[in-house]
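Heads up: the structure comes next, in structure tokens.
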Amino acid sequence: MQLDDCLFCRIARGEIPSNKIYEDDDVLAFRDINPRAPVHFLIIPKQHVQSLAQTTPEDEALLGKMLGLTRTLALQEGCVNGYRVVINTGADGGQEVPHLHVHVLGGARPWKQM
Ligand code: AMP
Ligand code: ZN
């Protein structure tokens, strides 16, 4: 299920352009529009899930896939010295876009504040 007016659902449908680095039937990875590090991309499920807090045991294969893709894409993007993985979740987690996304940040420091 996707939402008509959700920013990341719209990006997943191609209604809003994004700088894609990976796509398959389940997930999409694209560069963050306001990068806080030399490498900063997001991985989202194509189906709408509000946040990590709204996932269920049935989503665990998808969550595992997103983390495995984090490893693969971070290496592909040149993060050979490591990277940071962030999932802002809900209001107190500082989540601004209410569609689950994994931030992957890497490259030489210093980085900007998240
Ligand atoms: P969060 O605060 O965890 O919800 O992060 C949302 C992220 O989405 C921020 O880092 C934004 O810079 C990023 N963002 C917002 N709009 C777009 C867009 N159209 N394309 C790519 N990234 C976006
Ligand atoms: Zn959505």
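When a ligand or atom number is given, it counts from 1 through the structure's own listing order. In what follows, every heavy atom counts, from backbone to side chain, and hydrogens, waters and symmetry copies are set aside. Quick caveat: nothing in here was measured; it's all calculated off a predicted structure. For reference, positions follow the sequence shown, starting with 1.
Note: no N/O pair closer than 3.5 Å links H40 and ligand 1 by distance alone. Looking at Q95 next to ligand 1, no N or O pair under 3.5 Å apart turns up. For ligand 1, the polar-atom distance check against F30 finds no nitrogen or oxygen pair separated by under 3.5 Å.
For R31, the heavy-atom gap to ligand 1 drops under 4.0 angstrom. For the ligand labelled ligand 1, residue N19 lies outside the 4.0 Å heavy-atom shell.
The atom of H48 that is an N, O or S and sits closest to the Zn ion (ligand 2) is ND1.
Between H101 and H99, the ring center distance fails the sub-6.0 Å criterion.
Residue I11 holds the heavy atom nearest to atom 19 (N) of ligand 1 of all those in I11, L100, N88. When the heavy-atom distances from atom 17 (C) of ligand 1 to D32, I44, I33 are ranked, the shortest goes to I33.
Note: F30 and F8 have perpendicular aromatic rings, judged against thresholds of 30 and 60 degrees for the angle between ring planes.
Here the rule is side-chain contact (heavy atoms from CB on, under 4.5 Å) with L100, and of I44, T89, I87 only I87 fits it.
Atom CG of N81 is surrounded by 12 or fewer heavy atoms from other residues, nucleotides or ligands within 6.0 Å.
Contact annotation: for V86 versus ligand 1, there are no heavy atoms closer than 4.0 Å.
The protein heavy-atom contact nearest to atom 16 (N) of ligand 1 is L7 CD2, 3.5 Å.
Within ligand 1, the atoms closer than 4.0 Å to a non-hydrogen atom of G94 are 2 (O), numbered from 1 in the order shown.
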